[in-house]
Amino acid sequence: MNTANFAVNATMLTALTVNYFKQFTNLTLPNLGQFNLIVGANNVGKTSLLEALLVTQDPQTCVVNLLYALYLREGLSNVAVLHPHKLVSLYSSAPFGDEFTITFKDKNQRIVINVWNTAIMIKKPDMKVSNPTGYLPPETIEKMINSQFPIKTDEFEALKKDFILRFSNTEKEDIYSRNYQTEFFRKNALLNFVPFGRGFNKDFISFYAQHFTDRNKRKELVQQMKLFIPDIEEIDSATLNIYQTGSSAPTPLSQFGEGANKLFRVIMQLAAAQGSRLMIDEIDAGVHRYKFHSFWQTVIKVARHYDVQLFATTHNIECVEQFYLALQDPDMETYQNAARTLTLYKTTKNEVAVRTRNYKEFGEAITDERNIMGGD
Amino acid sequence: MSHTKLYILVEGVTDAAFIADLLKSEQFGFSDNIAKSKSKSETHLHPKTADNVLSAEIIIRKLGGWTHIKTGVIHTDIQEKVEQSYTCLLIFDADYPHVEESGFETRKKVIESALPKTLQPHCHLYIMPDNSADGSVENLLRQIVLENIGFDCIEQFVNCMAQFKTITKKELIHQLIYDHIPQQHRPPWNFTSPALHPLTTFFQAHLH
């Protein structure tokens, strides 16, 4: 197996197996690259695969990560009153027991998460237990969240407070009595997961202010943003207002289209995910077909710069075609051997399987106009 | 209602167009699956009517040559489709014995032995023109062509051209036949011809 010729850092995965996680009974992903584009029919499990990639060795952190991703996808509705039973039904599909397993083959690392036990440990406001030490105290949860999300923002601090309240054993009455506003929970730290349609949000303002202080770095970002805002001159760090040529009054980034906000978010999140992996759901959302080519080139270059392994999903054939064509340009050839497409499909046994194609293979399929998007 | 899924692998553009025409004829009653738009290498068909007793998905894939089976480059694609419960139909020319690995018996053996054992139960082979003789799809087309399209002229032209220029005969024949027949006309083939019986029987055996 061709493994490490792209691996620019030790955290990059070259293969993994997922057992009994959501709809994956036994899914093996061989021959991963640094840039992985995941395609497949509706409900085959593309987003679930992104979630599986959030799994970490520590069970509590792992489930917090998954809950956090659930937050980002669904807001409050599905997270407000999470009973351990619900957590088990959300994440484990084991015929017996409440476990799922993720195996990172090249790291010889097998992570077994017992969802029920973990759920009881991190949140048990409505259950009587004989051993109260089974709960995690708030300070432990805080420590855990701090270690998991090293990027701090004001909004994150506010969210953290609420998150601790929600998932610790204390002040459970508060959990039920407070009328959480969905908007409040949309403020979050930069988890290594970008859900569908998430362009602008205030969460990355602080990150930009804190981590893009270098003038050259800012200039480079302005150059990259010209793809969607051609006359952009400057980005105000405190407000994310955009100054454009010939106009003295700035315009907030949020007032630009989804494409501009999407690119800005992706660049921020790639920087935040430095040295690890980033999962982006429906990366094409908000991006016009004519922009895909340059969009991919920017994303790939920035991901390489920050040593980030990228996992993105799409339903858009033009996005896949441009993933191939963007890498054809002479200055992009060096990235070709790190590119993969992963087609998820359901087998006769109703299990999910994957077909991984390297650059040459998916290039031939695209050129030949064969369907590599899955679906039936 | 039974659900049949066929992955039909053919050599070239003429084969793909002809097989699609046959399956879209009254005998079989399929139509283009508009939702899965046609590409230069794949044609998707499904039953014309939704309440048909037969529910079926058909993909006709133009390979570009039977040798893709021999070299194995297509095996992973077949495996992927087999895992999704497709039956694979391989429809290739016998060609003539004076060329290496050609002629009905030889071609059949070469293709069958090239298929991995795990795929063999899911793959069924039909050798043109009639699953017993040497020749190619053009032999079959010659027997079932309606008179008015000048098939002889087309063949003469293509053979003459081949003396001066390297051409893909099949593609040129296809172009001349299909591109010069107005779209509103029916395909230029007599689908009730006895010469087609072996092929229609082959399809009927897998459409149930």
Side-chain angles (χ1 to χ4, degrees), chain A residues 1-2 15 17 23-31 38-46 289 315-322 324-325 340-376, chain B residues 2-13 15-17 20 32-47 55-65 67-68 71-88 118-119 121-123 168 171:
Chain A
M1 186 176 65
N2 180 12
T17 301
Q23 61 267 65
F24 306 129
T25 307
N26 182 10
L27 176 69
T28 295
L29 298 123
N31 193 21
I38 302 163
V39 294
N42 289 117
N43 293 320
V44 77
K46 297 183 297 299
R289 54 184 297 201
H315 280 297
N316 191 324
I317 181 65
E318 288 163 336
C319 178
V320 181
E321 287 166 356
Q322 290 300 333
Y324 166 65
L325 294 172
R340 305 284 186 276
T341 60
L342 282 66
T343 305
L344 296 185
Y345 59 91
K346 285 247 173 89
T347 68
T348 311
K349 295 174 186 169
N350 207 28
E351 291 181 1
V352 183
V354 67
R355 167 89 180 269
T356 305
R357 288 179 173 88
N358 62 25
Y359 178 77
K360 182 172 177 284
E361 290 166 338
F362 72 74
E364 283 172 356
I366 287 166
T367 308
D368 210 18
E369 296 180 10
R370 297 200 302 270
N371 175 36
I372 62 166
M373 302 298 285
D376 203 6
Chain B
S2 67
H3 188 66
T4 303
K5 294 162 92 175
L6 296 183
Y7 188 45
I8 303 173
L9 301 179
V10 300
E11 287 192 40
V13 65
D15 309 81
D32 287 313
N33 188 339
I34 305 300
K36 301 176 180 177
S37 57
K38 190 175 175 177
S39 75
K40 66 183 180 188
S41 66
E42 288 176 346
T43 304
H44 295 261
L45 304 178
H46 63 173
S55 158
E57 300 273 344
I58 295 178
I59 303 171
I60 302 169
R61 161 95 180 265
K62 186 195 82 173
L63 275 187
T67 50
H68 285 74
T71 59
V73 294
I74 194 68
H75 294 173
T76 318
D77 285 6
I78 296 175
Q79 177 67 37
E80 185 183 334
K81 287 288 182 287
V82 164
E83 285 180 12
Q84 296 172 79
S85 68
Y86 278 84
T87 298
C88 185
T118 51
L119 295 181
H122 307 281
C123 296
T168 310
E171 297 220 355

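Lettering follows sequence order; numbering is per chain, from 1. These figures come from a predicted structure and were not determined experimentally.
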Exercise for the section: Carefully, step by step, assess A:V44 and A:K346 under the rule side-chain contact (heavy atoms from CB on, under 4.5 Å). Expected result: CA-CA 7 Å; A:V44 77; A:K346 285 247 173 89; 4.1 Å; yes
Exercise for the section: Could you have a look at B:R61, B:E57, B:H44, B:K5 and say which one has the most heavy-atom pairs with chain A under 4.5 angstrom? Expected result: B:R61
Problem - Any side-chain donor near an acceptor of the partner, A:E318 and A:Q322, under 3.5 Å - result: no
Handout entry: Part of B:V82 within contact of chain A (heavy atom distance under 4.5 Å)
Key = backbone
Handout entry: A:T367 backbone acceptor or donor facing B:K40 side chain under 3.5 Å
Key = yes
Problem - Distance-only donor-acceptor check, side chains A:H315 and A:K46, under 3.5 Å - result: yes
Exercise for the section: Calculate, to the nearest 0.5 Å, the distance between atoms CD1 and OG1 belonging to B:I58 and B:T87 respectively. Expected result: 11.0 Å
Completion exercise
Separation between NZ (B:K81) and SG (B:C123), nearest 0.5 Å, reads 13.0 Å
Problem - Short side-chain to backbone donor-acceptor contact, B:H122 and B:L119, under 3.5 Å - result: no
Problem - Members of residues 349-365 of chain A whose heavy atoms come closer than 4.5 Å to chain B - result: A:A353, A:R355, A:R357
Completion exercise
Per-residue tally against chain B (heavy atom, under 4.5 Å) across A:T343, A:T348, A:N371 peaks at A:T348
